[in-house]
There are 2 protein chains.
Amino acid sequence: MRRMTARPANAHQARLLKLLRDGGPNSRAQLGDQVDLSRSKLAVEVDRLLETGLVVADGLAASRGGRRSHNIRLAPNLRFLGVDIGATSVDVAVTNAELEVLGHLNQPMDVREGPVAVFEQVLAMAAKLRATGLAEGFDGAGIGVPGPVRFPEGVPVAPPIMPGWDGFPVREALSQELGCPVMVDNDVNLMAMGEQHAGVARSVGDFLCIKIGTGIGCGIVVGGEVHRGTTGSAGDIGHIQAVPDGRPCACGNRGCLEAHFSGAALARDALEAAQQGLSAELASRLETNGGLTAVDVAAAAAAGDATSLDLIREGGTRTGQVIAGLVSFFNPGLVVIGGGVTGLGHTLLAAIRTQVYRQSLPLATGNLPIVLGELGPNAGVIGAARLISDHLFSPA
Amino acid sequence: MRRMTARPANAHQARLLKLLRDGGPNSRAQLGDQVDLSRSKLAVEVDRLLETGLVVADGLAASRGGRRSHNIRLAPNLRFLGVDIGATSVDVAVTNAELEVLGHLNQPMDVREGPVAVFEQVLAMAAKLRATGLAEGFDGAGIGVPGPVRFPEGVPVAPPIMPGWDGFPVREALSQELGCPVMVDNDVNLMAMGEQHAGVARSVGDFLCIKIGTGIGCGIVVGGEVHRGTTGSAGDIGHIQAVPDGRPCACGNRGCLEAHFSGAALARDALEAAQQGLSAELASRLETNGGLTAVDVAAAAAAGDATSLDLIREGGTRTGQVIAGLVSFFNPGLVVIGGGVTGLGHTLLAAIRTQVYRQSLPLATGNLPIVLGELGPNAGVIGAARLISDHLFSPA
DNA sequence: CAATCTTTCTCCACTCACAGGACAAAGGCG
DNA sequence: CGCCTTTGTCCTGTGAGTGGAGAAAGATTG
């Protein structure tokens with residue numbers, strides 16, 4: 001079926017659409033309070049939006065002592081698809097125009113299988129979501145990939161952990177398959193946008209969003225906008241040196257943060273500890289599962305396993321060292337910690353905090369909250385939906 | 001005397017003023033090519049600017065095959081004062097509206113003497129410049145201080161190397177004394193703005209500007225705008241840890257970059273080397289001057305002194321380590337090295353480059369120039385003039 | 001030297017965005 | 001039932017901005 005063909009015709013309309021997206025249904029009067037336009041001009045623009053079908057007027061709100069107002073809201077049948085491709089799993093979600101998640105699927109997967117295989121799976125998941133009746137079709141899709149992206153073209157570039165993706169025209173290919181506009185970004189940037197839209201970073205202009213999953217990355221938001229850097233690799237902090245002459249890293253250097261702490265590094269360290277008999281807890285889990293992941297370490301730590309706690313604390317300290325440098329440099333108003341290892345929770349957070357508050361300048365840390373992300377696995381897909389809606393809700 | 005009372009009345013006028021500032025005199029037709037306005041509207045705005053006296057029409061340009069055009073230029077009697085307060089010296093310069101330096105004074109001074117003493121000296125220098133006939137008065141002044149600044153208010157905050165300045169209302173005080181609008185910023189940010197306006201960073205949107213003087217700082221430019229951070233301390237990279245458990249630093253931590261390399265650290269290391277008899281060259285300079293500074297090390301290195309070269313190389317390597325992290329994080333399109341130690345020149349630059357290219361991600365360094373600043377001691381004062389002119393050439 | 005072409009600049013009529021006030025619609029409250 | 005409040009619509013005036021028709025001033029050419 002044919003969907004959302006219209007786009008806002010001017011900046012006013014774009015502004016109104018974003019207000020309705022972020023603030024929910026509103027009367028004309030309420031919109032007028034937020035938008036600094038005369039009521040007449042506002043009425044004209046709202047009428048035009050109604051004509052396009054992007055917004056609808058349904059029902060009357062309760063009276064507040066005078067004439068009842070019409071409810072103006074974004075078209076209730078608009079649907080966005082949010083896709084978050086991780087190193088080892090995919091998240092796919094459907095949202096409405098207000099970016100509320102209506103349905104969410106998660107499946108294990110290996111990015112290294114390449115774009116064709118992955119997209120097959122993504123499309124199958126999208127179809128499954130559609131089959132539940134949540135969506136008749138998609139008006140736009142946002143997609144995050146675990147590596148640098150040439151943003152304007154929507155093409156991954158030189159992604160270290162996803163060979164076979166380099167230069168693959170993700171945006172174009174997916175747009176063809178889905179029959180709707182698509183925007184592509186780094187998964188970490190999308191997580192940052194998600195937390196900014198609906199999570200802990202609402203109303204913060206400058207913040208950092210550290211995502212610790214299989215690898216480590218950092219979303220950078222400056223003045224409300226994501227900073228992607230000259231080649232799209234901004235925020236790639238996994239290969240900052242955390243330990244001089246430390247462990248060898250896949251990138252060829254030594255002592256990279258990612259080599260010392262990340263989902264992958266943690267799993268490896270846990271395996272080592274289990275095999276060396278340092279932790280009965282981990283050893284028993286190894287036997288049961290036939291392998292160890294960060295989740296096992298989290299569970300062991302929760303059960304009081306000293307080795308696991310030590311691993312987490314040391315990782316947090318390493319991460320904190322790097323973050324301390326970034327905080328001194330960037331002077332953010334907030335640091336958000338998220339990603340797969342959020343399960344490590346407050347042990348990790350405490351270690352990071354200790355290190356940052358100890359090592360960064362007092363002026364930079366004085367009023368600096370360091371908190372866990374609020375949205376968990378939803379952050380990425382909400383960010384993806386936000387990305388495409390920002391695009392579609394801008395003048396063509 | 002009363003000076004420049006007018007400000008641009010709208011964004012068009014502001015745009016035109018900035019075009020004239022950055023591109024020099026122009027005809028109406030040439031302006032029209034750059035500004036996407038109809039000739040008629042353009043003529044209206046230019047006329048209004050002429051009325052305010054901010055711009056003047058003087059003389060006719062040579063014909064290019066048709067009617068000769070009028071030269072439109074910024075009022076030739078406009079004067080900006082650029083002040084760059086360093087840790088150990090002050091630079092004061094006068095520029096015209098095109099930000100060309102008409103006169104420049106430099107004097108040794110110690111910031112720690114406090115704002116009152118320093119401003120006395122600054123005002124005396126400004127008066128001296130004025131006495132030469134370069135300026136009848138100042139239409140605005142920009143001033144850089146070596147520490148974090150609460151930018152909107154123009155007040156230094158918690159400056160580590162300049163006790164006595166904390167909370168001093170620099171902007172207001174200087175505005176009173178000079179009788180013109182004043183803007184205050186961190187000296188490093190001004191250096192970045194200077195290199196952006198007239199130096200190596202022209203036409204680069206995202207870049208880092210590392211200033212190595214008595215201390216070390218970094219100007220951050222994102223999308224053409226200086227990023228100052230939440231509390232104004234962004235770019236304060238001197239206290240990022242460069243060496244784990246390294247030298248004690250004045251800030252209370254160990255291994256800070258500044259403790260291992262900076263003008264002050266270099267002087268200290270040179271003194272140590274001279275006293276231990278490691279370098280005859282440095283020892284003789286110590287005897288002659290009664291002390292050593294970074295300049296002596298630069299001269300000794302130029303004369304082939306191995307110890308000095310080693311000191312510079314090691315410092316460059318340390319600095320490069322930190323910059324490598326920042327490059328991975330920020331992914332700039334250019335890195336500029338400047339400040340007092342630019343005299344260390346290519347030895348330093350080579351060491352920094354080696355380290356950055358070795359340690360940062362290939363995608364981030366692939367096309368990344370790392371260069372010395374072009375403006376030397378002028379960078380700060382030009383940046384200061386640029387700061388205030390940006391302010392005055394914006395709608396009131 | 002006149003006729004013609006170029007370039008620059010000015011003038012004028014027309015369009016459109018927008019503000020702001022008058023007014024109508026719709027409800028609450030005494 | 002009259003009066004007040006809130007919401008929404010209509011209409012007119014204003015000012016920004018466009019685009020075209022020339023006028024001004026010089027170069028070029030037969």
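Per chain, numbering begins at 1; letters A, B, ... match sequence-line order.
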Exercise. Along nucleotides 1-10 of chain D, 5' to 3', which nucleotides get a B, which get an S, and which get a -, given that the test is a protein heavy-atom distance under 4.0 Å?
Worked result: ----BBBBSB
Set out, line by line, the N/O atom pairs under 3.5 Å between protein and nucleotides 12-16 of chain D.
none

Exercise. Got a salt bridge between E374(B) and R202(B), using NZ or NE/NH1/NH2 to carboxylate O under 4.0 Å?
Worked result: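 Salt bridge flag = yes for R202(B) with E374(B).
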Exercise. Thinking salt bridges, do D22(A) and K18(A) make one under a 4.0 Å N-O criterion?
Worked result: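 Not counted as a salt bridge, because no side-chain N and carboxylate O are separated by less than 4.0 Å.
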Seminar exercise, completed: Sorted by number, residues from residues 15-26 of chain A placing a heavy atom under 4.0 Å from DNA chain D are none
For this session: Extract, from 5' to 3' on DNA chain C, the first and final nucleotides lying under 4.0 angstrom from some heavy atom of chain B.
Result: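 Listing 5' to 3', DNA chain C meets chain B from dT6(C) to dC12(C).
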What residues form a salt bridge (Lys or Arg N to Asp or Glu O under 4.0 Å) with [X], not counting sequence neighbours?
X       : result
R130(B) : none
E172(A) : none
K41(A)  : E45(A)
R39(B)  : none

Quick one: side chains of residues 47-60 of chain B, donor-acceptor pairs under 3.5 Å with protein atoms, not counting sequence neighbours, listed by atom name and distance.
unit_1, atom_1, unit_2, atom_2, d
D47(B), OD1, R28(B), NH2, 3.4
T52(B), OG1, L49(B), O, 2.6
T52(B), OG1, L54(B), N, 3.1
D58(B), OD1, R73(B), NE, 3.1
D58(B), OD2, R73(B), NE, 3.1

Exercise. Does R150(A) have any side-chain hydrogen bond (donor to acceptor under 3.5 Å, both in side chains) partners at least two apart in sequence or in another chain, and if so, which?
Worked result: E153(A)
Problem set entry | side-chain hydrogen bond (donor to acceptor under 3.5 Å, both in side chains) partners for S38(A), two or more places apart | S40(A)
Problem set entry | salt bridge (Lys or Arg N to Asp or Glu O under 4.0 Å) pairs, two or more places apart, involving residues 219-230 of chain B |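 For residues 219-230 of chain B: D185(B)-R228(B).
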For this session: Round to a whole Å and report the spacing from CG of L42(B) to C1' of dG17(D).
Result: 12 Å
Exercise. Taking Q13(B) for the side chain and P395(B) for the main chain, is one N or O donor matched with an acceptor at less than 3.5 Å?
Worked result: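 Looks like no, no N/O pair under 3.5 Å.
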For this session: Flag yes if more than 12 heavy atoms outside D36(B) fall under 6.0 Å of its CG atom; otherwise flag no.
Result: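 12 or below, so no.
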